[in-house]
Chemist: 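Next up is a structure, given as structure tokens.
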Amino acid sequence: MKKLVTSILSLAVAAGLVGSVAFAAEEEHDLKAATEHAVANAHFPILKPKNIDWTFAGPFGHYDKGQLQRGLKVYTEVCSACHSMNLVPFRTLEDLGYSEAQVKTFAANYEVQDGPNGEGEMFTRKAVASDHFPSPFPNDEAAATANNGAAPPDFSLIAKARGVERGFPLFVADIFTQYQEGGPDYIYSLLTGFHEPPEGLTVPEGTHFNPYFNAAISLAMAKPLSDDQVTYDDGSPQTVDQYAQDVSAFLMWTAEPHLEERKRTGFMVLVFLLIFTGLIYLTKKSVYANKEH
């Protein structure tokens, strides 16, 4: 009896492994077909971005300050080596829950160019809260030279500048759901989408295959994140998936720091319009109630 049970379990495990291999092979085949179709029609990305359940989604969405602080840490320790945030001043980090003293200390870790001084020369000094995140490169040409000929984009507004059209009928539903998370969805999908190209597919030298890239089958940026790369102090998982979600949320905040205020104002406006419409209707009924027809 024991041998029979063992045999059944072995067969079940083997069947599961075969099923997993078959599923992986089918997925690889589908990706290859999708890639060939995208290349033939010059239509990218190959795969649509994944839809993530963001805290800031919907009419009552809000930012998770803990997530934004983790995203800042990922940006600082990983992304800032190549990407600037020239439009984001350090002082706005107080909105993430940091004190004024903490922001000053954080800004002092950076150096910015200032001047000219009394002798007409530019000089370098430690950044203060009113300064903006500096670029890691002196100019775009230097940035391109250091990155296989492609200058890394500035991250200040990247979450609003990037996004993939969802097409019909999703864009109609987006009117009612107020879907505006296309940028963060795209960034997350891109960061977690690096893997080997399908069998038989070659990509240009110095580039890396990513089916979520919205311009080609590959991009110059290599996979930037790996597990346990950034240490979290709050006990959150130190995985590529978590890093990608956190930095994507942070970049949404840098692009739209007043999102919560905008949504509150929009809700109040809608309530006012509903009340005003009701008052207009009651006024109309009152004015015409005694009119002879």
Chemist: Has Asn139 got more than 12 heavy atoms of other residues, nucleotides or ligands less than 6.0 Å from its CG?
Modeler: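 Count over threshold, so yes.
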
Chemist: So does Lys50 pair up with Asp185, basic N to acidic O under 4.0 Å?
Modeler: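 No, no charged N to carboxylate O under 4.0 Å.
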
Chemist: Excluding sequence neighbours, so at least two apart, what forms side chain to side chain contact (heavy atoms under 4.5 Å, CB included) with Glu36?
Modeler: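 With sequence neighbours excluded, Glu36 shows a side chain to side chain contact (heavy atoms under 4.5 Å, CB included) to Lys32, given in chain and number order.
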
Chemist: Apart from Val112 itself, which Ile, Leu, Val, Met, Phe, Trp or Tyr residues share its cluster (side-chain heavy atoms under 4.5 Å, direct or through members)?
Modeler: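 None; Val112 is a cluster of one.
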
Chemist: ring-ring contact (aromatic ring centres under 6.0 Å, His included) with Phe267: which residues, sequence neighbours excluded?
Modeler: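 Phe60.
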
Chemist: Could you measure the distance from the CG atom of Leu170 to the OH atom of Tyr179? Nearest 0.5 Å is fine.
Modeler: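 Leu170 CG to Tyr179 OH: 9.0 Å, rounded to 0.5 Å.
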
Chemist: Answer yes if Leu68 and Leu157 sit in the same cluster of Ile, Leu, Val, Met, Phe, Trp and Tyr residues linked by side chain heavy atoms under 4.5 Å apart, and no otherwise.
Modeler: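 Result: no, two separate clusters.
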
Chemist: For Phe155, what residues pass the ring-ring contact (aromatic ring centres under 6.0 Å, His included) criterion, not counting sequence neighbours?
Modeler: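 For Phe155, the residues satisfying ring-ring contact (aromatic ring centres under 6.0 Å, His included) (neighbours in sequence not counted) are His83.
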
Chemist: Hey, is Glu256 close enough to Lys160 for a salt bridge, meaning N to O under 4.0 Å?
Modeler: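 A salt bridge is present here (some side-chain N lies under 4.0 Å from a carboxylate O).
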
Chemist: Is there any ring-ring contact (aromatic ring centres under 6.0 Å, His included) pair reaching into residues 196-226, and which pairs are they, with sequence neighbours excluded?
Modeler: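 Qualifying pairs: His195-Phe209.
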
Chemist: Would you give the length of the straight line joining atom OH of Tyr188 to atom OH of Tyr243, rounded to the nearest 0.5 angstrom?
Modeler: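 If we round to the nearest 0.5 Å, Tyr188:OH and Tyr243:OH are 14.0 Å apart.
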
Chemist: Taking transitive links into account, so neighbours of neighbours count too, which hydrophobic residues share a cluster with Tyr281 at under 4.5 Å side-chain distance?
Modeler: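 Via sub-4.5 Å side-chain contacts, Tyr281 links to Leu282.
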
